[in-house]
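Quick note: residue numbers are just sequence positions, from 1. Counting starts at 1 for both ligands and their atoms, in listed order.
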Amino acid sequence: SSPLDCEAPLTLPPETSLEKFRDFMRQIGIIVGPENATVISSDAELQHESYMDPSKAYDMYHITTKEDLVASAVVAPRNVPEVQAIVRLCNDFEIPLWPFSIGRNVGYGGAAPRVTGSVGLDMGRNMKKILEVNTEGAYAFVEPGVSFIDLHDYLVEHNLREKLWIDVPDLGGGSVIGNTVERGVGYTPYGDHWMMHCGMEVVLPDGSLWRSGMGGLPNPNADPNAPPHEQEPNETWGLFNYGFGPYNDGIFTQSSLGIVVKMGIWLMVNPGGYQSYLITFPKDDDLHAALEIIRPLRVGMVLQNVPTMRHILLDAAVMVRSSRLPFGVDRQADLAYLQGDRKSYTDSNKPLTNEELDAIAAKLNLGRWNFYGAVYGPKPVRDVMLQVIKGAFLQVPGAKYYEPEDMPDNLVLQTRHNTLQGIPSTTELNWVDWLPNGAHLFFSPIAKVSGNDGVAQYQITRARCEEAGFDFIGTFVVGMREMHHIVCIVFDRKDPSSRKRAHWLIRTLIDDAAQRGWGEYRTHLSVMDQIAATYSFNDHAQMRLNEKIKEALDPKGIISPGKNGIWPKRYRKEDWAI
Ligand code: ADP
């Protein structure tokens with residue numbers, strides 16, 4: 001239809017008449033061209049189910065109804081001035097915008113907005129250039145639509161992987177910018193993506209353009225008559241984060257204060273050698289001893305990367321017959337024991353018992369806990385590191401050490417072998433198919449790297465999962481001095497009871513955790529308010545500061561209202577409870 005009389009959206013933006021919305025969309029069409037503006041007008045647009053073709057308008061893994069979190073329209077700017085024009089238009093019309101890069105934020109809400117009827121700003125569709133790969137400085141600058149797979153492919157195609165590696169999350173299809181601003185992690189020594197970002201260009205809520213850190217100092221060779229977003233940046237922008245004065249980059253993470261249009265990310269220099277490994281621990285109770293071994297090794301940097309301690313069911317759920325076998329796996333190899341979904345392991349509807357878990361571990365030749373790590377550097381360096389690592393972990397009775405060559409048909413180990421050297425894949429998607437119509441939510445509390453804390457988090461979260469009728473599926477992701485404990489709540493998205501139990505479970509876990517001093521690092525749209533409220537020290541001092549900054553930078557509350565529990569003055573948060 002012509003943008004002059006665009007269809008009515010399923011949900012209008014708050015306090016916006018259809019007439020006003022049409023007027024707004026007319027002007028949007030003039031800015032981005034009609035082909036880059038889509039009104040979400042019917043259920044036909046809410047049929048996406050696959051990570052490979054994700055929705056840009058709603059949460060494919062919704063736990064309430066899908067209409068609860070849906071955009072009125074999706075708009076894809078082609079360049080920075082168009083982003084600025086859209087932001088200004090939204091201020092004029094007081095219509096909220098929800099920026100995202102690719103919308104593969106699976107388990108946390110995808111591309112869906114927190115306020116239904118917001119206009120989704122699809123930053124990734126047209127703005128997806130790799131702006132620079134600087135081999136000397138070992139960094140890259142990218143636009144929002146550049147995925148980890150894109151950046152990796154670029155290095156391979158330009159014969160640069162001999163020099164530089166990227167760091168990738170479990171799934172490589174998301175964007176470098178989206179994942180980094182959400183403070184997502186990967187598994188090489190550069191696993192903390194936010195720590196490794198350097199240089200941001202942001203469109204602020206008033207439509208103006210800002211560069212962080214050294215980007216504030218003009219490059220003497222830049223053309224002062226060029227528009228700001230095209231001016232050659234300072235040569236140290238991608239090298240030094242802090243610049244001069246207050247360091248503001250952090251307010252643009254998990255944030256509703258700006259739209260990131262360019263970002264620098266440090267790349268890892270090819271270390272000149274690499275060895276991945278798996279250490280299996282046979283007993284559930286071994287978790288305690290293993291975590292006590294991990295702490296000094298990780299903080300002392302003998303464990304050079306972000307290793308993971310995975311529960312047996314996470315591995316079992318990935319071991320599926322699949323066309324998505326990673327590079328390097330021999331498709332003709334004997335994959336007979338590869339299983340996959342829950343049905344292939346049990347007929348019972350009850351959460352798997354310890355005996356059943358032991359049987360699955362035995363069948364897969366894995367432990368109840370499985371530790372995936374890697375060493376980096378030339379052989380003499382690796383040998384010394386591995387000697388220390390084996391010497392420490394193999395003191396646990398029954399622990400076993402394997403390298404990928406030892407287990408050619410262990411799909412998880414073969415995949416981790418790639419992931420831990422920054423080669424992206426989508427194999428880990430498999431575990432979502434544990435249940436029919438599988439969807440997932442992440443519950444992700446931070447834990448001390450300690451046997452007592454890890455075991456307590458495991459016991460409490462497992463008991464609640466089972467109370468809700470789900471199996472515990474989880475992994476401890478070991479950062480420098482803490483662990484991101486990722487509990488994967490897999491539910492059947494077409495079964496209302498399953499969705500309801502998943503919702504109950506995460507709400508209950510948030511409160512259980514807060515009572516023990518455990519807080520989450522990131523969350524799904526539907527529980528952002530609840531988690532924000534748990535960070536309540538000194539009468540919610542964090543929220544009061546966040547609200548003041550929001551009011552100062554975005555007085556009309558245009559960008560991502562409700563994101564991470566921060567509501568502009570215009571909104572009554574109670575009205576938007578989920
Ligand atoms: P991915 O790129 O991994 O698919 P998304 O595009 O789903 O991730 O983005 C996840 C979240 O990160 C969004 O909901 C939004 O809050 C934030 N985000 C992503 N890209 C941008 C951006 N360019 N500017 C500001 N925030 C962003």
*Asks:* Could you tell me whether a side-chain N or O of Asp59 sits under 3.5 Å from a main-chain N or O of Lys66, the two making a donor and an acceptor?
*Replies:*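 Not at all, since once roles are kept as given, no pair shorter than 3.5 Å links the two residues.
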
*Asks:* What distance separates Trp98 CH2 from Leu525 CG, expressed to the nearest 0.5 Å?
*Replies:*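 Spacing of CH2 (Trp98) from CG (Leu525) equals 5.0 Å.
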
*Asks:* Go through ligand 1 atom by atom and flag the ones less than 4.0 Å from a non-hydrogen atom of Gly258.
*Replies:*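 So the answer, numbered in order with elements, is 25 (C).
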
*Asks:* With a 4.0 Å cut-off on heavy atoms, does Ser560 reach ligand 1?
*Replies:*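 Ser560 does not count as a contact of ligand 1 under the 4.0 Å cut-off.
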
*Asks:* Can any side-chain N or O of Ser208 pair as donor or acceptor with the backbone N or O of Leu204 at less than 3.5 Å?
*Replies:*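 Checked: no pair found.
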
*Asks:* Please state whether Ser255 comes within less than 4.0 angstrom of ligand 1, counting heavy atoms only.
*Replies:*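 For ligand 1, residue contact (heavy atoms, under 4.0 Å) with Ser255 is absent.
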
*Asks:* Any carboxylate oxygen within less than 4.0 angstrom of a Lys/Arg side-chain nitrogen, looking at Arg416 and Glu428?
*Replies:*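 Yes, this pair counts.
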
*Asks:* List the closest protein heavy-atom neighbour of atom 16 (O) of ligand 1: residue, atom name, distance to the nearest 0.1 Å.
*Replies:*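 The closest one turns out to be Lys563 NZ, 3.0 Å.
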
*Asks:* Within ligand 1, which atoms have a heavy atom of Ile102 less than 4.0 Å away?
*Replies:*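 Answer, ordered by atom number: 2 (O), 4 (O), 6 (O).
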
*Asks:* Considering only protein heavy atoms, which is closest to atom 23 (N) of ligand 1, and at what distance to one decimal place?
*Replies:*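 Ranking protein heavy atoms by distance from atom 23 (N) of ligand 1, first comes Val260 O, 2.9 Å.
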
*Asks:* Check the orientation of Tyr242 and Phe240. Use parallel for under 30°, tilted for 30 to 60°, and perpendicular for over 60°.
*Replies:*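 Taking Phe240 first and then Tyr242, their aromatic rings stand perpendicular (interplane angle over 60°).
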
*Asks:* Please state which part of Tyr108 comes within less than 4.0 Å of ligand 1, counting heavy atoms only: side chain, backbone, both or neither.
*Replies:*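 It is neither; nothing of Tyr108 touches ligand 1.
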
*Asks:* Among protein heavy atoms, which lies nearest atom 21 (C) of ligand 1, and at what distance?
*Replies:*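 Going atom by atom, the protein heavy atom closest to atom 21 (C) of ligand 1 ends up being Ser101 OG, 3.6 Å.
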
*Asks:* How far is atom 2 (O) of ligand 1 from its nearest protein heavy atom, and which residue and atom is that?
*Replies:*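 Result: Ser175 OG, 2.4 Å.
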
*Asks:* What protein heavy atom lies closest to atom 15 (C) of ligand 1? Include the residue and the distance to one decimal.
*Replies:*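 Its nearest protein heavy-atom neighbour is Pro99 O, 3.3 Å.
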
*Asks:* Between the side chains of Glu182 and Lys563, is the shortest nitrogen-to-carboxylate-oxygen separation below 4.0 Å, so that they form an ion pair?
*Replies:*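 Looking at Glu182 together with Lys563, the answer is yes, because their closest N to O distance falls below 4.0 Å.
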
*Asks:* Under 6.0 Å between ring centres: does that hold for His440 and Tyr61?
*Replies:*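 Yes - the distance between ring centres of His440 and Tyr61 falls below the 6.0 Å cut-off.
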
*Asks:* Looking at Phe476 versus His485, is the centre-to-centre ring distance below 6.0 Å?
*Replies:*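 Centroid separation for Phe476 and His485: below 6.0 Å.
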
*Asks:* Within the 3.5 Å criterion, strictly below it, is a donor on Asp68 or His62 matched to an acceptor on the partner's side chain?
*Replies:*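 The criterion, which ignores hydrogens and geometry beyond distance, is not satisfied for His62 and Asp68.
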
*Asks:* I need the contact type for Val261 against ligand 1. Using non-hydrogen atoms and a strict under-4.0 Å cut-off, is it side chain, backbone, both or neither?
*Replies:*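 Neither; nothing of Val261 gets under 4.0 Å from ligand 1.
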
*Asks:* Could you give the distance from CD1 (Ile566) to CG (Asp529), rounded to the nearest 0.5 Å?
*Replies:*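 Answer rounded to 0.5 Å: 10.5 Å.
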
*Asks:* Name the closest protein heavy atom to atom 14 (O) of ligand 1, giving the residue it belongs to and the distance to 0.1 Å.
*Replies:*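 The protein heavy atom lying closest is Trp98 NE1, 3.5 Å.
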
*Asks:* Against heavy atoms of Gly110, which atoms of ligand 1 measure under 4.0 Å?
*Replies:*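 It comes down to these atoms of ligand 1: 7 (O).
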
*Asks:* Could you check whether any heavy atom of Phe252 sits closer than 4.0 Å to an atom of ligand 1, since that is the contact criterion I want to use?
*Replies:*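 For ligand 1, residue contact (heavy atoms, under 4.0 Å) with Phe252 is absent.
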
*Asks:* If you apply the rule side chain to side chain contact (heavy atoms under 4.5 Å, CB included), what do you find for Ile86 with Ile28, and how did you get there?
*Replies:* CA-CA 7 Å; Ile86 293 167; Ile28 284 285; 4.1 Å; yes

*Asks:* Of the side chain and backbone of Arg104, name the one, both, or neither that has a heavy atom under 4.0 Å from an atom of ligand 1.
*Replies:*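 The answer is both.
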
*Asks:* List every atom of ligand 1 that sits less than 4.0 Å from any heavy atom of Phe100, numbering the atoms from 1 in the order shown and giving each element.
*Replies:*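 Contacts of ligand 1 toward Phe100, numbered from 1: 6 (O), 19 (C), 20 (N).
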
*Asks:* Taking only non-hydrogen atoms of Gly103, do any sit less than 4.0 angstrom from ligand 1?
*Replies:*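 Yes.
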
*Asks:* Backbone, side chain, both or neither: what part of Gln254 comes under 4.0 angstrom of ligand 1, heavy atoms only?
*Replies:*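 Neither part.
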
*Asks:* Any atoms of ligand 1 less than 4.0 Å from a non-hydrogen atom of Ile259? List them with their elements.
*Replies:*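 What qualifies from ligand 1 is 24 (N), 25 (C).
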
*Asks:* Please check this pair: side chain of Glu82 against backbone of Pro77, looking for a donor-acceptor N/O pair closer than 3.5 Å.
*Replies:*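 No, Glu82 side chain to Pro77 backbone: no donor-acceptor pair under 3.5 Å.
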
*Asks:* Which atoms from ligand 1 have a heavy atom of Glu182 less than 4.0 Å away?
*Replies:*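 Ligand 1 atoms under the 4.0 Å threshold to Glu182: 10 (C), 11 (C), 12 (O), 16 (O), 17 (C).
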
*Asks:* Give me the residue, atom name and distance of the protein heavy atom closest to atom 27 (C) of ligand 1.
*Replies:*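 The protein heavy atom lying closest is Val181 CG2, 3.9 Å.
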
*Asks:* Inspect the contact between Lys494 and Glu49 and indicate whether a charged nitrogen and a carboxylate oxygen are less than 4.0 angstrom apart.
*Replies:*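 So Glu49 pairs with Lys494 through a salt bridge.
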
